[in-house]
J.: 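Below: one structure in structure tokens.
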2 protein chains.
Amino acid sequence: MKWKELEEEPCSMARTIGVIGDRWTLLILRECFLRTRRFEGFQSALGITRHLLAERLKKLVRQGILRRIPYQESPKRHEYILTQKGLDLYPIMMAIVHWGDTHMVDERGRPLLHQHRKCGKDFDPVMVCSECGEPLSAKEVHTHPGPGARSTPADPAPATAKTKARSRAA
Amino acid sequence: MKWKELEEEPCSMARTIGVIGDRWTLLILRECFLRTRRFEGFQSALGITRHLLAERLKKLVRQGILRRIPYQESPKRHEYILTQKGLDLYPIMMAIVHWGDTHMVDERGRPLLHQHRKCGKDFDPVMVCSECGEPLSAKEVHTHPGPGARSTPADPAPATAKTKARSRAA
DNA sequence: ATTGACAGTTCTATTTTAGAACTATATGCT
DNA sequence: AGCATATAGTTCTAAAATAGAACTGTCAAT
């Protein structure tokens, strides 16, 4: 499976992974949320090679996650800022950070704390049900096919060797 | 930066990415949450090469995210099930799926729906503040150094070219 | 004795990434 | 004028990771 194919899978997770599912992209996005905006800023913060950084920024712009806007003429310079689509990645970032805070910290404790401006306190992110507001866990959730699901039990096109890997996806 | 180095960064996000931040690992974990447990099951569901699948499963077991338990003797066979540490990845998975559901669906709609057993409804995951219960967005959060932060303004070891990339990390 | 299921391992070819150097435009210094 | 510095890339070769296919080993069923 190539990266391009991922984005065409009938699975929101596979499609999202096709866009942000590599380590440099995720780290670049971390920097974006920490207010880094410029090429040199990303490069020196991350130690990424300039080649890959340029490539990843282009991809994020193509995907509509970053917008490239000029901040000076002559020489032309641009900076990269998160679009709304990019800002919407925040829960993913926070979920990743929170898992790391829970399972990957050393004896020194958390590298970063997060303060909620509204209530003023340092917080953890909690994922809740949009309908009843209760916290979610894997075991309380039942997953079932939606309108965009690929195959049904009566799928007229039986899986071939080529498509077999996809029929399960969702 | 090598994969191994990522896990030593003073950043919960970098460390987590070092563990689950590649596309196959994320897809394998999706299958785990969809109740796949066996080698052949992963392989045929994903179309991943057997070589990489074996390698990734080993890594997930080493990290304590999956446990490899025998389900029959002669010939010895094992299955892979999520540990609590693995189950705790659920919010990350749901956040990724939800972003895809919001920004990557085609005209046909969502491939999968999620029903909350407690309230019986199809839901979206919402990330809220553990302290006040309000939904979170990037702009309402102030990030500041915690006890495990690497460098302070008075850091006695000034950044060198070699460590420069790390000093910003958090 | 042969076939099939399962869980891997081994091999070569291709693709990606790392690492370093180079290009281009413009400012400011001497 | 000549040179260093800042910014944002591009281009090159070497090293690492992944794809794709074939192979190994154990046991049950026919």
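Per chain, numbering begins at 1; letters A, B, ... match sequence-line order.
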J.: Compare every heavy atom of B/His103 with every heavy atom of A/Asp88, then report the nearest pair and how far apart it is.
T.: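 It is OD2-NE2, 2.7 Å.
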J.: Once you measure the plane-to-plane angle for A/Tyr90 and A/Phe33, does it fall in the parallel (<30°), tilted (30-60°) or perpendicular (>60°) bin?
T.: tilted
J.: Rounded to the Å, how far apart are B/Leu27 CG and D/dT18 P?
T.: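 Rounding to the nearest Å, CG of B/Leu27 and P of D/dT18 are 13 Å apart.
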J.: Mind running a 4.0 Å heavy-atom check of residues 52-68 of chain A against DNA chain C and sending the residues that fall below it, in number order?
T.: A/Leu52, A/Arg56
J.: Would you say the side-chain atoms of B/Trp99 pair up with the backbone N or O of A/Gly86, donor to acceptor, closer than 3.5 Å?
T.: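 Looks like no, no N/O pair under 3.5 Å.
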J.: Here's one to test your reading of the geometry: is the NZ or CZ of B/Arg38 within 45 degrees of the ring axis of B/Tyr71 and under 6.0 Å from its centre?
T.: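 Yes, a cation-pi geometry holds between B/Arg38 and B/Tyr71.
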J.: B/Arg23 CZ to C/dT15 P: how many Å, rounded?
T.: 13 Å
J.: Does the B/Arg15 side chain pair with the main chain of A/Met104, one donor and one acceptor, at a distance under 3.5 Å?
T.: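 Yes, B/Arg15 side chain to A/Met104 backbone: donor-acceptor pair under 3.5 Å.
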J.: Specify the separation, in whole Å, of atom CG of B/Leu6 and atom P of C/dT17.
T.: 13 Å
J.: Find which nucleotide of DNA chain C each of B/Glu40 and A/Pro75 is nearest to by heavy atoms, and output the residue with the more 5' nucleotide.
T.: B/Glu40
J.: Over how many whole Å does the gap from B/His51 atom NE2 to D/dA22 atom P extend?
T.: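 So the two atoms are 17 Å apart, to the nearest Å.
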J.: Tell me what A/Phe42 touches on the nucleic acid: a base, only sugar-phosphate, or nothing, going by heavy atoms under 4.0 Å.
T.: nothing
J.: To the nearest angstrom, how far is A/Gln43 atom CD from C/dG19 atom C1'?
T.: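 Between C1' of C/dG19 and CD of A/Gln43: 11 Å.
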J.: Do the side-chain N or O atoms of A/Tyr80 get closer than 4.0 angstrom to the phosphate oxygens (OP1, OP2) of D/dG9?
T.: yes
J.: How long is the line joining OH of B/Tyr71 and P of D/dT26, in whole Å?
T.: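 Computing the B/Tyr71:OH to D/dT26:P distance gives 17 Å.
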J.: Starting the side chain at C-beta, find the nucleotide from D/dT18, D/dG9, C/dA18 nearest to A/Phe39.
T.: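 In terms of side-chain proximity for A/Phe39, the closest of D/dT18, D/dG9, C/dA18 is D/dG9.
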J.: So which nucleotide from D/dT18, D/dT26, D/dA8 ends up closest to the side chain of B/Trp24?
T.: D/dT18
J.: Counting the atoms with a prime plus P, OP1 and OP2 as sugar-phosphate, which does A/Ser74 contact under 4.0 Å by heavy atoms, base, sugar-phosphate, or nothing?
T.: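 Contact class for A/Ser74: sugar-phosphate only.
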J.: Got A/Val19 and A/Thr16 here, is their nearest side-chain heavy-atom distance under 4.5 Å?
T.: no
J.: Rounded to the nearest Å, what distance is computed from the CD atom of residue A/Gln72 to the C1' atom of nucleotide C/dA24?
T.: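 So the two atoms are 14 Å apart, to the nearest Å.
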J.: CZ of A/Arg50 versus C1' of D/dC12: gap in Å, rounded?
T.: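 Result: 15 Å.
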J.: Cation-pi between A/Arg77 and A/Phe39: NZ/CZ under 6.0 Å from ring centre and within 45° of the ring axis?
T.: no
J.: Kindly say whether, by distance alone, the side chain of B/Arg38 makes a donor-acceptor pair under 3.5 Å with the base of C/dA7?
T.: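 By the distance-only test, no, there is no pair.
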